[in-house]
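Note that the numbering runs from 1 along the sequence shown for the chain.
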Amino acid sequence: MRRMTARPANAHQARLLRLLRDGGPNSRAQLGDQVDLSRSKLAVEVDRLLETELVVADGLAASRGGRRSHNIRLNPHLRFLGVDIGATSIDVAVTNAELEILGHLNQPMDVREGPVAVFEQALAMAAKLKASGVAEGFDGAGIGVPGPVRFPEGVPVAPPIMPGWDGFPVREALSQELGCPVMVDNDVNLMAMGEQHAGVARTVADFLCVKIGTGIGCGIVVGGEVYRGTTGSAGDIGHIQAVPDGRPCACGNRGCLEAHFSGAALARDATEAAQQGLSAELASRLEANGTLSAADVAAAAATGDATALDLIREGGTRTGQVIAGLVSFFNPGLVVIGGGVTGLGHTLLAAIRTQVYRQSLPLATGNLPIVLGELGPTAGVIGAARLISDHLFSPA
C-alpha cells in the first residue's frame, strides 16, 4: 500500500484536512460553512486534495434543498503511530487519520535503561501491532518522552529522570527505523493534546493539564495551541519549590514539588509509614509485595485507611498550592489532572480543588472546573498521533 507522500499545498488545504480529522466525514457544503472560501475556490482546493489521495469521496451527503453534495473524508488507509514513553511504562497505539485508536499495547519499562533499549521495545510493540493487521506501515509517528524536549530538533534536553537521553536524536533515529516522518514532544504536552482532541478539554481554548505520575509536569494550552516556551521546558512545575529547604530532588535542588508529591515520593512515604507501624493495611501490602506503589496507597485509601488518606490529602494540598499560583498567573478556563497517580481519585482531586479555590482570587476561580482527565492511558498516544497529524496536515 502506498504511504503518504503528499502534503497540503496551502493553508486552506491544511484547514480542510484538520476539519476532516477533527469532525470526521463531511460534505463540501458543510465544509464551506466552516472555511472562508468562495464555492468555486473551495471546489478547487477539495479537487486538489482528492488528486493527492489525502482525501477520498465518501458517497452523497444529505440534501440541503438543491443538488446533493458529495461527502469527503480523510483517506481511510492512512495510519499514524503514537508512542507514549513514561518513566515506568510505555504505550504504543495505531490510529487512523481521524485519530481513532485501532490497536493499543501497554508494557512496563524503565526509562533509565536508556534510549536504545526503550526504542527497541517500542519498535517491537509497533511491529506486533502491524502483525495484528491494523496497519501495513505508518504514514507518520508521534513520540512522547518524560522530560523537556528541544522541539524543532526532536531531542530530549537534560531530563532529570532520564540518564543517557540528553541530546539523543530521537526524531532522526526513529524516522530512519520506521521509514516515515516523526515528531517528538514532552509526554505531558501530548496528554494535553489528547484531552483536547478527544477528552475533557474538547471545547476549551486555554487550559492546564497537570500530569502526576512518577514525576509531575504541566501541559499549557493557549488559544488552542501547546505553549512550549523558548527551549521546550515550559510547564516543568515538578521543580517549583513547594517546601522551603525541603527534601533533596533529583534535579539537584531542595523542596521541589516532585520530591514531596509524585508517584515516587508517595511510594517512599507509604513505605516509611508502613515500616513505622502507622498503617496495618500498607504494612500488609508491603510484606506481601516487597514494595509499595501509588496504586497500593489508592487501594489502602479505598478501605478507609487513615494514613493513606492523609498522604493523599497532604500531596493534593501541596500540588494545589503550586496550581493555585499557576491559576493566578495564567487564568485558564480548565485544569485537567491526569497521570498514573489519578488512581487516587476524588480524595486527591478534592484536596487540590480546596487549595486552589482557597488560595487563588475569586475572579480566576469563579468558573474554573478542576477535573480528572477522561482518557486515562490513551491520552498520550492520541496526543502523539495528533502531533504528527498537525505536522503532516501543514503546508510543506
Side-chain angles (χ1 to χ4, degrees), residues 146-151 157-160 185-196 199-213 215-246 249 251-262 265 313-339 341-342 348-373 379 383:
V149 172
R150 197 161 60 238
F151 186 68
V157 183
D185 204 348
N186 172 267
D187 63 338
V188 191
N189 289 343
L190 297 188
M191 173 180 278
M193 292 173 77
E195 291 291 348
Q196 179 186 29
V200 73
R202 282 186 296 271
T203 60
V204 186
D206 303 296
F207 69 95
L208 299 173
C209 185
V210 179
K211 181 176 183 179
I212 310 173
I216 296 186
C218 179
I220 306 164
V221 176
V222 186
E225 300 291 330
V226 170
Y227 177 76
R228 297 180 175 86
T230 302
T231 59
S233 64
D236 205 358
I237 67 168
H239 300 289
I240 292 176
Q241 190 179 67
V243 181
D245 206 29
C249 180
C251 73
N253 292 322
R254 300 185 73 89
C256 294
L257 173 61
E258 200 169 284
H260 287 271
F261 185 65
S262 60
R313 289 189 189 111
E314 184 181 344
T317 298
R318 289 211 168 107
T319 306
Q321 286 171 344
V322 170
I323 293 175
L326 305 179
V327 166
S328 296
F329 174 74
F330 179 57
N331 188 24
L334 173 71
V335 176
V336 182
I337 310 294
V341 173
T342 52
L348 173 66
L349 193 61
I352 292 173
R353 281 175 173 163
T354 299
Q355 194 62 33
V356 173
Y357 295 148
R358 179 186 295 155
Q359 196 174 319
S360 296
L361 292 173
L363 185 61
T365 60
N367 294 303
L368 175 66
I370 302 174
V371 301
L372 296 175

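- Nearest heavy-atom pair across Ile237 and Gly217 is CG1-C, 4.1 Å.
- Residues Ile323 and Ile337 have side chains in contact (heavy-atom distance under 4.5 Å, counting atoms from C-beta outward).
- Between the side chain of Arg254 and the main chain of Gly246, a donor-acceptor pair closer than 3.5 Å is present.
- Shortest non-hydrogen contact noted between Pro332 and Leu208 is CG-CD1, 4.0 Å.
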Please step through side chain to side chain contact (heavy atoms under 4.5 Å, CB included) for the pair Val221 and Tyr227, ending with a clear verdict. CA-CA 6 Å; Val221 176; Tyr227 177 76; over 6 Å; no
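- The CG atom of Leu334 sits 12.5 Å away from atom CG of Asn367, with the distance rounded to the nearest 0.5 Å.
- For the residue pair Cys209 and Ala192, the shortest heavy atom distance occurs at CB-CB, 3.7 Å.
- Of the inter-residue distances, the one linking Ile216 atom CD1 with Leu257 atom CG reads 4.0 Å to the nearest 0.5 angstrom.
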I would like to know whether Val371 and Val335 meet side chain to side chain contact (heavy atoms under 4.5 Å, CB included); could you show each step before the answer? CA-CA 6 Å; Val371 301; Val335 176; over 6 Å; no
Determine, step by step, whether Arg318 and Val243 satisfy the side chain to side chain contact (heavy atoms under 4.5 Å, CB included) criterion, reporting the C-alpha distance in whole Å, the side-chain angles of both residues, the deciding distance to 0.1 Å, and the verdict. CA-CA 9 Å; Arg318 289 211 168 107; Val243 181; 3.3 Å; yes
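- One finds the NE2 atom of His260 at 14.0 Å from the OG1 atom of Thr317 (value rounded to the nearest 0.5 Å).
- The two residues Ala259 and Ala265 have their closest heavy-atom pair at O-CB, 3.5 Å.
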List the steps, then state whether side chain to side chain contact (heavy atoms under 4.5 Å, CB included) holds for Ile220 with Phe207. CA-CA 6 Å; Ile220 306 164; Phe207 69 95; over 6 Å; no
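- Every pair tested for side chain to side chain donor-acceptor pair (under 3.5 Å) that includes a residue from residues 199-209 fails, sequence neighbours excluded, so the list is empty.
- Here the CD atom belonging to Glu258 is positioned 11.0 Å from the CD1 atom belonging to Ile212, to the nearest 0.5 angstrom.
- Put simply, the side chain of Leu348 reaches to within 4.5 Å of the side chain of Phe261, judged on heavy atoms.
- Nearest heavy-atom pair across Cys218 and Val210 is SG-CG2, 4.1 Å.
- Side-chain atoms of Arg353 come within 3.5 Å of backbone N or O of Ile370 as a donor-acceptor pair.
- Under the 3.5 Å distance criterion, the side-chain polar atoms of Ser360 are matched with a main-chain donor or acceptor of Ala324.
- Seen from the ring of Phe151, Arg228 counts as a face-on cation partner, given the 6.0 Å and 45° thresholds.
- Taking the side chain to side chain contact (heavy atoms under 4.5 Å, CB included) definition, one finds that Leu361 meets it with nothing, sequence neighbours left out.
- Note: Asn253 CG to Ile240 CD1 = 12.0 Å, rounded to the nearest 0.5 Å.
- Proximity of a side-chain donor or acceptor of Thr365 to a complementary backbone N or O of Leu368 within less than 3.5 Å is not detected.
- Although no hydrogens or angles enter the test, the distance criterion places a donor-acceptor pair under 3.5 Å between the side chain of Gln196 and the main chain of Gly224.
- Rounding to the nearest 0.5 Å places CG of Asp185 at 13.5 Å from CZ of Arg150.
- Residues Met193 and Gly383 come closest through the heavy atom pair CB-CA, 3.9 Å.
- In terms of modelled atom types and a separation under 3.5 Å, the side chain of Gln355 and the main chain of Gln321 share no donor-acceptor contact.
- Residues satisfying the side-chain hydrogen bond (donor to acceptor under 3.5 Å, both in side chains) criterion with Asn186, sequence neighbours excluded, are absent altogether.
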